[in-house]
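Just so you know, ligand 1 is whichever comes first in the structure, and atom 1 is the first atom listed for that ligand.
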Amino acid sequence: MSTAQQTTSQARHVTLPCPSCGRWNRVSASRMADGPKCGVCGTAMHLDHPVLLTDATFDRVIRESTLPVLVDFYADWCGPCKMMAPAVEELARTSVGTLLVTKLDTDASPQTAGRFQIRGIPTTIVFRDGRESGRQTGAVPLAALRQLGGV
Ligand SMILES: [Zn+2]
């Protein structure tokens with residue numbers, strides 16, 4: 001695909017690896033609510049749940065998604081992260097097509113966590129056009145997540 005084609009495209013989209021086969025898929029925002037499946041293996045992409053990002057996938061998702069992306073930096077042992085998890089789930093379920101909700105395990109993906117100087121978890125960062133546009137540290141309620149994500 002040519003660069004010109006991408007920049008003239010009106011529709012916003014997300015670019016994500018398939019959770020099953022790992023191949024990259026581009027999903028337009030208008031189709032995110034239709035239960036999109038991987039174009040290669042047919043596995044459901046589950047965009048109504050937070051999408052797990054890793055050190056290996058983070059940069060490309062942020063760089064190539066023209067929809068705003070919210071990232072929940074968390075760890076499995078973190079109590080406040082568990083407290084906030086239902087709100088993140090709810091945000092993902094209710095903002096399909098307007099915001100891509102993702103999460104990153106800071107233990108499993110320490111490079112990305114280090115690069116964004118995550119000092120305490122949970123930390124929530126919203127990226128717009130590939131750049132950080134807002135951040136919130138600590139467990140916050142759904143309303144604050146919505147405000148951060150602009151939805
Ligand atoms: Zn696949």
Side-chain angles (χ1 to χ4, degrees), residues 1-78 81-118 121-136 139 142 145-146 148-151:
M1 183 173 304
S2 76
T3 310
Q5 215 174 338
Q6 281 180 4
T7 49
T8 53
S9 168
Q10 298 293 320
R12 292 192 171 249
H13 65 267
V14 298
T15 303
L16 287 170
C18 167
S20 177
C21 74
R23 292 286 286 273
W24 288 82
N25 283 256
R26 183 172 168 168
V27 182
S28 66
S30 58
R31 290 199 51 240
M32 281 173 70
D34 302 341
K37 294 182 168 66
C38 170
V40 179
C41 74
T43 299
M45 302 289 286
H46 296 299
L47 300 182
D48 51 348
H49 292 282
V51 174
L52 182 66
L53 303 185
T54 67
D55 279 344
T57 61
F58 180 89
D59 282 342
R60 186 166 174 187
V61 172
I62 297 298
R63 191 177 65 236
E64 296 189 11
S65 297
T66 57
L67 204 66
V69 182
L70 178 143
V71 187
D72 168 24
F73 291 84
Y74 77 102
D76 283 335
W77 48 263
C78 159
C81 299
K82 286 200 179 73
M83 272 175 45
M84 193 173 81
V88 178
E89 279 281 345
E90 177 71 6
L91 183 71
R93 199 178 62 75
T94 54
S95 59
V96 174
T98 54
L99 176 72
L100 178 67
V101 178
T102 70
K103 59 183 181 178
L104 182 132
D105 181 332
T106 55
D107 286 342
S109 297
Q111 282 179 13
T112 305
R115 211 148 40 98
F116 288 93
Q117 302 183 311
I118 305 299
I121 48 174
T123 289
T124 311
I125 302 182
V126 171
F127 296 87
R128 284 188 173 80
D129 300 318
R131 275 191 299 234
E132 177 174 343
S133 75
R135 139 176 343 213
Q136 192 94 51
L142 179 59
L145 292 175
R146 282 199 207 285
L148 189 64
V151 292

With sequence neighbours left out, write down each residue that passes side-chain hydrogen bond (donor to acceptor under 3.5 Å, both in side chains) with R31, or none if nothing qualifies. none

Would you mind listing every ring-ring contact (aromatic ring centres under 6.0 Å, His included) that reaches into residues 29-71, with sequence neighbours excluded? F58-F116, F58-F127

Run through the protein N/O/S atoms less than 2.8 Å from the Zn ion (ligand 1) and write them out by chain and number. C18 SG, C21 SG, C38 SG, C41 SG

Start with the C-alpha gap between V61 and V14, add the side-chain angles, then the distance that decides, and say whether side-chain contact (heavy atoms from CB on, under 4.5 Å) holds. CA-CA 7 Å; V61 172; V14 298; over 6 Å; no

Taken in chain and number order and not counting sequence neighbours, the residues that satisfy disulfide (SG to SG under 2.5 Å) with C81 are C78

Would you kindly say whether T112 and D55 are connected by a side-chain donor-acceptor distance under 3.5 Å? yes

Near E132 CD, under 6.0 Å, is it more than 12 heavy atoms from other residues, nucleotides or ligands? yes

